[in-house]
*Asks:* 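Below: one structure in structure tokens.
Numbered from 1 within each chain, the chains take letters A, B, ... in sequence-line order.
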Amino acid sequence: MLAFLVWITSLVAAGALICLTVVALIAFSDCESDDLNPMELAKTVNLYVLPEYLIFGVMMSLFLISGLWLEILINLPLLGFHLYQWWYHKEKIDPTKVFTDMTRYKIVYFSKLGFFMLCFFFYLYRFIYTLVTTLTS
Amino acid sequence: MARRYPKNEAQQWMTQAPPPLLSTTSTTPAAVNTPFVAPTPATSSSTPQQLQPAQLVPPQIPPQQQQPSSQQTQQQQQQHRGSFVPADLNSLVPAAFANSGPEDDEPLSNSTQTGAVSALPSPASMTTSPARPPANSATNTTVMGPPGTPTGYQQLYHQNIANNLAKWNCSRRFLRTTTTAIPNTPQLAKAVPLGCIIHPFVTDEEVPIVNLGKMVRCRTCRTYVNPFVQWLNNGSTWKCNICDYSNQVPSDYFSPIIPTTGLRKDLADRPELTYGCVDMVAPSEYLVRQIQPPGYVFVIDVSYPALSSGLVAVVAKAILQFIESCPIRNKVGFVTFNNTVHFYQFDPKLSQPRMMVVPDINNIALPVPNQLLVSLREGKAMVTQFLAKLPNFFSNSKQVGCAFGPALQGAFNVISPIGGKIVSFLSNLPSLGAGALPSREDLKLLGDDKEMPLILPLASDAGDFYKDLALELSRQHTSADIYTTANFCDLATISSLPKITSGRLHRYPSFSPERHEKQLIDDLNQGLASQGALEAVIRLRCSAGLTIEGHFGNFFIRSSDLLALPSVDASQSVAVQLNVNENINSLYCYLQNALLYTSMDGQRRIRVSTLCLPVVSTVDQLFKSIDVEAFLNLTARAAIEKIPTTKLSTVREAIVRRLVDTLNAYRASVHNHTSPQVVIPETLTNMPLYALALIKNAVFRPGGQSLRPDERVFYTTALRSMPVEETAIFVHPRLFSLSNITSDVGTTNAEGQTVLPPLCALSCESITTTSVMLMDTTMGLLLWVGNNAPLEILGGLFGVSGRLSDNDCFAIQNQLPELDNEYSVCVRRLITHLKQCHSWPQHLQICREWCPAEKLHFLQYAVTDKCLGLPSYTEFMNGLHKRS
């Protein structure tokens, strides 16, 4: 039972993380094409930084509680990256550095998007696998 | 012509005379301290143009550059014949400026014109019927096409540019590129870093003011009309030189073309078509808000350290002098702070201002909604009285807290309706309220890689406070200047304010009124007097093939290529790094810089500078066109940009690496790797010395106990926006020997340049105990007095017969004694000239050899010697050979 709850929550969490990343990427492309100025971009993106870290934290703690080691292993690099950003106060976008660091921000967000999509499908697969094996047994 | 430095001749080289670094004469500035000009009433111009005579400094484009272009003209015309009209216009408009940015308020019409470019003008719009040009023209000797046809126009166009390039091009002082010719392929462009440095306000240059009524700009790329556009169809269309789009000429701007020359008939009346840098009066669509008089809010620290060191008295004097000489339409306000923040209400009904203390520094709200900012028209007498009494208000206060952050917030609230400048005077580390900073300077860490965090902004909420405040200020068109006397006030964090809002930063460690009073008064007054622009934005446009890679300087990047500078003064410049991203097929490349600003007397103008650069295809020609000082400036700024993310040793390595890469590219292409040693082209002869001096500069050197983090941050902020001519002197100062000078030193010679004594090499061989030397470092004049300096010089110059005492020094630094002998007259003339030839006011400082601190301060500039673990000049050159 717990496994189902964990899978459903992680599916929803991965979906939410994908949405947040997509919103950030859209904001970046708006800024590049002059529809958004850097300060508003920073406000929009920074609004979603804390929710993203919280959702990710909840997901990781759920995995820890239910002892799903493979998922924890997959998410460890991202956990390390988030901790590094938090420690060195770099998680928020700096409006003065938006245009100089634009490529770096885009690389980070695109790879996060790719990673979260992979995670989503992986959790979906695991969820359905667990469902099928539980129902057939 | 390349000069080689084989290893076995290195020693011989050392004994030869130092390389000629700078000419021994310099240009005389026409204006000295430009006093505030009484504001002329803003007349609505009934005449279509307002002209002012311009003093142009002809750009020094070397004559051999004209040769390749005329040789290429023949080949180019073979290509262009028959394919004059480009098929797809959209491919010519680089994506970077296909949109209209916040600079333009005119809506960008969706142009769907492709294919047929030039629409024939309807007869109704022409006042006279176009004269049919004669079929054969006597002046066209090589006839590729009859004049009046597209190829005929093209030929005339290139001829006109070739003839008038020197006259029409923007002066080098305004827009300067690292090379005076552009490489035509991306592979060739990798050899030399391409960039341009924009210096909008040069102290003694006059720029003609033009009023076009309605702006004439290209429809697609929004370029302003400039001398290098091509006039087609007998003057009814003009082809933009940046994007090659043919625009309709507005009917009130039309003028027929002289068929034989291809120039407009009214060219003499149109300064925007004959001068490379013009000020165009901007119509009302270009206003972001109603034009306001500039506001100045002075934020003064009145805590006990500031009072006891005498800062408050000196500040009051300085502001008083500013108020006496500034235009009366300006508005001023005052905020003082120690443990609390105090506001001053200037009520005309009262005889003196009312002081209001805001005790709750966590919640700064304005005590009264208005009258905190008073226009000098009404309140000048009250303000003058107030300043005279200011030091006495707090004479009994013993508060040592420093609520700088809340004071800045209060000042921002005061000034935000109208914008302008916040000038703050700080004597201590901010310790109370928002923006309170921990004392993180640890002298044991200096000289180590652990010093890095001390020169970077604090990564915490308190550190972010200054950056966020700076962004708010920039939004409200306000810039922030900081004058600090603290030894450590975490300048790395606080300097975000002047950095992002393009303000000034001045530092007076160990402040004492005898030493620094004149300095502070001069710095404040000259700094505010040299301000030329308010609420300015800058955009650079470049023609096809060139792209903009990055921007360096003190400003806020508001959009992908739009820079916001709330204030621009004579010491600020912007550097743009360029790159060639596709092959360039045309003969010339164009750069146009537009600065939209409000002048200090309230007129909205656009300063348009256009530069035309020939395109070259060989490495040899490219290297002949390098401008070494601009190369140095761009390298320095790019290196400063790297500091937050890399170690200083890596940054130094990157500076040398850039030089080595350029030299290797030269050797590879020109000499095909045949010579074993590095080959230095003639234009880059001085670059190794500049590179060595740069890595030994206070900004990049390894540091140690003598270089405090605040000092390093101060120099970094200054270097980040320093103009090209001053960077060269800042990095490699000019050292003059005062032992034997001729009697015409300091006077102007026949060419209008000031005669200077001969330059000496910057090494301990020149700086001896028996010498008296003067060094010009762009940010200060240093006068070295050796232990055994000849008594005649000491007597003739200073009027002393033995060693100089401290009091003597203070007196001399403020004003050299006016003794009667010729030697003193010459030296005083020289010092007066050197003090005024840069945009930063230079102050004289005496460095006596027997004082260890002063000796070290002077000898830090001996860059050709080995010091701090960095090589001497010969070792550096040997190292260059080994690397390649």
*Asks:* With no hydrogens and no angle check, do the side chains of R720(B) and N554(B) hold a donor and an acceptor under 3.5 Å apart?
*Replies:* yes
*Asks:* Considering only heavy atoms, which portion of T100(A) lies under 4.5 Å from any heavy atom of chain B: side chain, backbone, both, or neither?
*Replies:* side chain
*Asks:* Against chain B, work out which of V98(A), D94(A), L36(A), L41(A) has the most heavy-atom pairs shorter than 4.5 Å and name it.
*Replies:* D94(A)
*Asks:* With only heavy atoms counted, which part of E641(B) is less than 4.5 Å from chain A, the side chain, the backbone, both or neither?
*Replies:* side chain
*Asks:* So what's closer than 4.5 Å to chain A heavy atoms on D468(B): side chain, backbone, both or neither?
*Replies:* neither
*Asks:* Check whether K467(B) gets within reach of chain A through its side chain, its backbone, both or neither, counting any heavy atom under 4.5 Å.
*Replies:* side chain
*Asks:* Is T136(A) reaching over with its side chain to a backbone N or O of T133(A), donor-acceptor style, under 3.5 angstrom?
*Replies:* yes
*Asks:* With distance as the sole test, does R637(B) use its side chain to make a donor-acceptor pair with the main-chain N or O of F552(B) at under 3.5 Å?
*Replies:* yes
*Asks:* Between R541(B) and Q592(B), is there a donor-acceptor pair closer than 3.5 Å when you use the side chain of the first and the backbone of the second?
*Replies:* no
*Asks:* Heavy-atom cut-off 4.5 Å, strictly under: side chain, backbone, both or neither for S474(B) against chain A?
*Replies:* neither
*Asks:* Less than 4.5 Å to any heavy atom of chain A: does that hold for the side chain of I500(B), its backbone, both, or neither?
*Replies:* side chain
*Asks:* Parallel, tilted or perpendicular for W86(A) and Y53(A), by the 30°/60° rule?
*Replies:* tilted
*Asks:* Which class fits the ring pair F122(A) and Y125(A): parallel under 30°, tilted 30 to 60°, perpendicular over 60°?
*Replies:* tilted
